[in-house]
Amino acid sequence: MNPFSRVITLAGSNTANLVPVYTPGKVLWLAAHEITHLQGEGNYTYIHTRQGKRHIVSKTLKNVQEILCADFLRVHKSYVINPEYITARLDADMLLMSCGHKVPIARRRIREVQERISIGYLAVG
């Protein structure tokens with residue numbers, strides 16, 4: 001079996017919802033459904049997965065969000081979330097993700113987040 005067959009298959013398929021993460025010796029392809037949230041820091045983005053792992057890519061938060069082409073929600077200047085992995089709404093300006101991280105909501109985005117997410121589904125407090 002050719003060791004590059006998986007890479008060739010991925011390159012030939014639709015990679016719209018895959019983000020390449022370069023680690024020493026290999027390339028991981030993270031699918032949008034595996035990602036709980038993104039955290040931007042300048043020209044770098046931390047990708048948090050549902051397994052609790054954190055990966056870094058040398059792309060801006062906006063670039064990674066465009067690569068994913070998925071139903072992610074910008075809640076803060078430095079955070080983009082996957083609404084599927086919200087566990088609770090702690091305060092008016094804080095979300096708890098399934099991986100255990102707390103993600104802040106910018107004051108100017110609170111209304112947008114409320115409209116996008118079913119408030120009855122989330123427990124406040």
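Source: prediction; values computed, not measured.
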State whether the side chain of [X] and the backbone N or O of [Y] hold a donor-acceptor pair below 3.5 Å, judged by distance alone.
X   : Y   : value
Y85 : H33 : yes
N82 : I35 : yes
T45 : K59 : yes
R89 : A92 : yes

Measuring from [X]:[atom1] to [Y]:[atom2], what's the distance to the nearest 0.5 Å?
X    : Y    : atom1 : atom2 : answer
H48  : R54  : NE2   : CZ    : 6.0 Å
H37  : I47  : NE2   : CD1   : 11.0 Å
E112 : Q114 : CD    : CD    : 11.0 Å
K53  : C99  : NZ    : SG    : 13.5 Å
L30  : N17  : CG    : CG    : 12.0 Å
L73  : L95  : CG    : CG    : 8.5 Å

So which atom in [X] and which in [Y] form the shortest heavy-atom distance, rounded to 0.1 Å?
X   : Y    : result
R74 : V80  : CD-CG2, 3.3 Å
A31 : L18  : CA-CD2, 3.6 Å
V75 : P104 : CG2-O, 3.6 Å
V27 : P20  : CG1-CB, 4.2 Å

Inset, instruction - Before giving the answer on side chain to side chain contact (heavy atoms under 4.5 Å, CB included), spell out for L96 and I86 the whole-Å C-alpha distance, their side-chain angles and the decisive distance to 0.1 Å. - result: CA-CA 6 Å; L96 179 65; I86 298 173; over 6 Å; no
Inset, instruction - Consider only side-chain heavy atoms of I, L, V, M, F, W and Y, link residues closer than 4.5 Å, and tell whether L61 and I56 are in one cluster. - result: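 Different clusters: L61 never reaches I56 through Ile, Leu, Val, Met, Phe, Trp or Tyr contacts under 4.5 Å.
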Inset, instruction - Flag yes if V57 and Y46 sit in one hydrophobic cluster, no otherwise; membership is Ile, Leu, Val, Met, Phe, Trp, Tyr, and two members link when side-chain heavy atoms are under 4.5 Å apart. - result: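 Cluster IDs for V57 and Y46 differ.
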Legend entry - T87 vs M97, side chain to side chain contact (heavy atoms under 4.5 Å, CB included): CA-CA, chis, key distance, verdict: CA-CA 5 Å; T87 303; M97 304 305 290; 5.6 Å; no
Inset, instruction - Identify which one of V113, V103, I110 satisfies the side chain to side chain contact (heavy atoms under 4.5 Å, CB included) criterion when paired with D93. - result: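 Going through V113, V103, I110 one by one, the side chain to side chain contact (heavy atoms under 4.5 Å, CB included) with D93 is satisfied by I110 alone.
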Inset, instruction - Kindly indicate, with the supporting measurements, whether the criterion side chain to side chain contact (heavy atoms under 4.5 Å, CB included) is fulfilled by I105 and M94. - result: CA-CA 6 Å; I105 304 172; M94 191 69 66; over 6 Å; no
Legend entry - side chain to side chain contact (heavy atoms under 4.5 Å, CB included) between I81 and T36, worked out: CA-CA 6 Å; I81 63 163; T36 60; over 6 Å; no
Inset, instruction - Could you check whether the rings of H76 and Y79 sit parallel, tilted or perpendicular, using 30° and 60° as the cut-offs? - result: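 Perpendicular, since the angle between the ring planes exceeds 60°.
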